[in-house]
Amino acid sequence: MVAVVELTEGPGTSAVYARAALGLLRRGGGTTLPDVELVRRGVTVDRSHLARYDRVCGLRLTDALPATYPHILAFPLAMRLMSAADFPLPMIGLVHVANRITVRRAIDAGSRLDLAVRAVDLRDHPRGRQFDMVATASVDGAEVWRGVSTYLRISSASTTKGDRPAGPAPDQADGAVWRLPARIGTDYAAVSGDRNPIHTSRLGARLFGFPRPIAHGMWTKARCLAALEGRLPEAYSVEVAFKQPILLPSTVRFASSPSDTGWEFRVDSKRPHLTGTIA
């Protein structure tokens, strides 16, 4: 039976990262995820924070929450779960490999949200082990949003990432060219609370095999949805796979096309960084 733990205030992400750093000293290797659901009720949106988030991600300022914004609200709860002593994998070093968001209806920024987060389905992967972090947002008892983030803990020795020359450079004739400054990592970290050093520090990035900081996957997803604003329905599901990291600074190309069910889109440069579908 799932143990439900209700929090009266959001956990601070800085303290969680400090605890996660200490978690690197333990070996981990457990076989089960904690059977716990963290809940925080009556969460309200700080409109000034929402505006800063919108600006960092290239989104329009509206009274409806962007599809990716509830992920930001639920992220501290997810971090608390992943940094707990009984969590089987160290939080620092986890790789966000996929994310699926379902928007059941538009969410007004004035809504009071009940958030719930739970980790499920710890399983083997050819490169290590992975699991899903499931987050939901409800209004007046009805679920209005669901996010599923898949995280991978890499254990294979052949996983060092870096620049790999291949394929053509971005072409303005085939999609929109985005020139991403180095500050994207620190700007998004400030509004999201995701201060993983692989996004904000050259030294931190190098410790995990990257030559320089990389863009947050959820920033890239939000930026893609910003490029499609005005063409999305009120309710939809958007699923992405994070293929290769975007080193910062960088120049990438965004391309999209209508499909039978909605939209297909991608971000690439010399290699694919993100592929996604909207239905």
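Computed from a predicted model, the values in this text were never measured in an experiment.
When the side chains of ILVMFWY residues are joined at heavy-atom separations under 4.5 Å, either directly or via intervening members, Leu33 and Val39 end up in two distinct hydrophobic clusters. Under the 4.5 Å side-chain contact rule for hydrophobic residues, Val4 and Val120 do not share a cluster. Hydrophobic clustering, with ILVMFWY side chains joined whenever heavy atoms are under 4.5 angstrom apart, groups Val103 together with Val139. When the side chains of ILVMFWY residues are joined at heavy-atom separations under 4.5 Å, either directly or via intervening members, Ile72 and Leu7 end up in a single hydrophobic cluster. When the side chains of ILVMFWY residues are joined at heavy-atom separations under 4.5 Å, either directly or via intervening members, Leu73 and Val148 end up in two distinct hydrophobic clusters.
Between the side chain of Asp132 and the backbone N or O of Val134 there is no donor-acceptor pair closer than 3.5 Å. Side chain of Trp145 to backbone of Ala67: a donor-acceptor contact under 3.5 angstrom is found. Under the 3.5 Å distance criterion, the side-chain polar atoms of Lys221 are left unmatched by any main-chain donor or acceptor of Leu274. Distance alone, capped at 3.5 Å, is enough to place a donor-acceptor pair between the Arg212 side chain and the Leu248 backbone. At distances below 3.5 Å, not a single donor-acceptor pair connects side-chain atoms of His273 with backbone N or O atoms of Asp268. Of the possible polar contacts, one joining the Thr62 side chain to the Ala64 backbone as a donor-acceptor pair under 3.5 Å is found. At distances below 3.5 Å, not a single donor-acceptor pair connects side-chain atoms of Ser138 with backbone N or O atoms of Gly141. At distances below 3.5 Å, at least one donor-acceptor pair connects side-chain atoms of Arg123 with backbone N or O atoms of Asp121. Between the side chain of Asp124 and the backbone N or O of Arg129 there is no donor-acceptor pair closer than 3.5 Å. No donor-acceptor distance shorter than 3.5 angstrom exists from the side chain of Trp219 to the backbone of Ser192, with no hydrogens or angles considered.
A side-chain N or O of Thr102 and one of Ser237 form a donor-acceptor pair less than 3.5 Å apart.
Applying the salt bridge (Lys or Arg N to Asp or Glu O under 4.0 Å) test to every pair with at least one member in residues 199-209, sequence neighbours left out, gives no pairs at all. Listed by first and then second residue, the salt bridge (Lys or Arg N to Asp or Glu O under 4.0 Å) pairs that reach into residues 136-152 are Arg104-Glu143, Glu143-Arg146, sequence neighbours excluded. Annotation: ring pair (Phe, Tyr, Trp, His ring centres under 6.0 Å) contacts involving residues 221-271, sequence neighbours excluded, comprise His96-Phe242, Trp178-Phe254. Listed by first then second residue, pairs satisfying salt bridge (Lys or Arg N to Asp or Glu O under 4.0 Å) with a partner in residues 50-66 read Arg47-Asp63, Arg60-Glu229, not counting sequence neighbours.
For Arg118, the salt bridge (Lys or Arg N to Asp or Glu O under 4.0 Å) test picks out Asp35, with sequence neighbours left out. Taking the salt bridge (Lys or Arg N to Asp or Glu O under 4.0 Å) definition, one finds that Asp46 meets it with nothing, sequence neighbours left out.
Of the options Arg183, His199, Met218, a side-chain contact (heavy atoms from CB on, under 4.5 Å) to Tyr188 is made by Met218 and by none of the others.
Inter-residue side-chain proximity for Ile107 and Pro70 is flagged as met; some heavy-atom pair is nearer than 4.5 Å. The shortest distance between side-chain heavy atoms of Val117 and Arg80 does not fall below 4.5 Å. Residues Ser256 and Leu228 have side chains in contact (heavy-atom distance under 4.5 Å, counting atoms from C-beta outward). With a 4.5 Å cut-off on side-chain heavy atoms, Leu65 and Leu113 count as touching. Contact check for Val45 versus Tyr69: side-chain heavy atoms found under the 4.5 Å cut-off. Looking at Pro88 and Leu122, their side chains come closer than 4.5 Å, going by heavy atoms from C-beta outward. With contacts defined as side-chain heavy-atom distances shorter than 4.5 Å, the pair Phe208/Ile92 qualifies.
Separation of atoms CD1 (Ile278) and CD1 (Ile101) is listed at 10.5 Å; rounding is to 0.5 Å. Rounding to the nearest 0.5 Å gives a distance of 11.5 Å between CG of Asn99 and OG1 of Thr220. The distance from atom CG of Leu115 to atom CZ of Arg40, rounded to the nearest 0.5 Å, is 7.5 Å. Leu203 contributes atom CG, which lies 13.0 Å from atom CD1 of Ile198 (distance to the nearest 0.5 angstrom). Rounding to the nearest 0.5 Å places OG of Ser201 at 13.0 Å from CZ of Phe210. The CZ atom of Arg223 sits 11.0 Å away from atom CD1 of Ile246, with the distance rounded to the nearest 0.5 Å.
Heavy atoms only, all atoms of each residue included: Val36 and Val2 are closest at C-CG1, 4.1 Å.
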Could you walk me through whether Arg271 and Lys243 pass side-chain contact (heavy atoms from CB on, under 4.5 Å), step by step? CA-CA 9 Å; Arg271 51 188 167 162; Lys243 298 292 189 179; over 6 Å; no
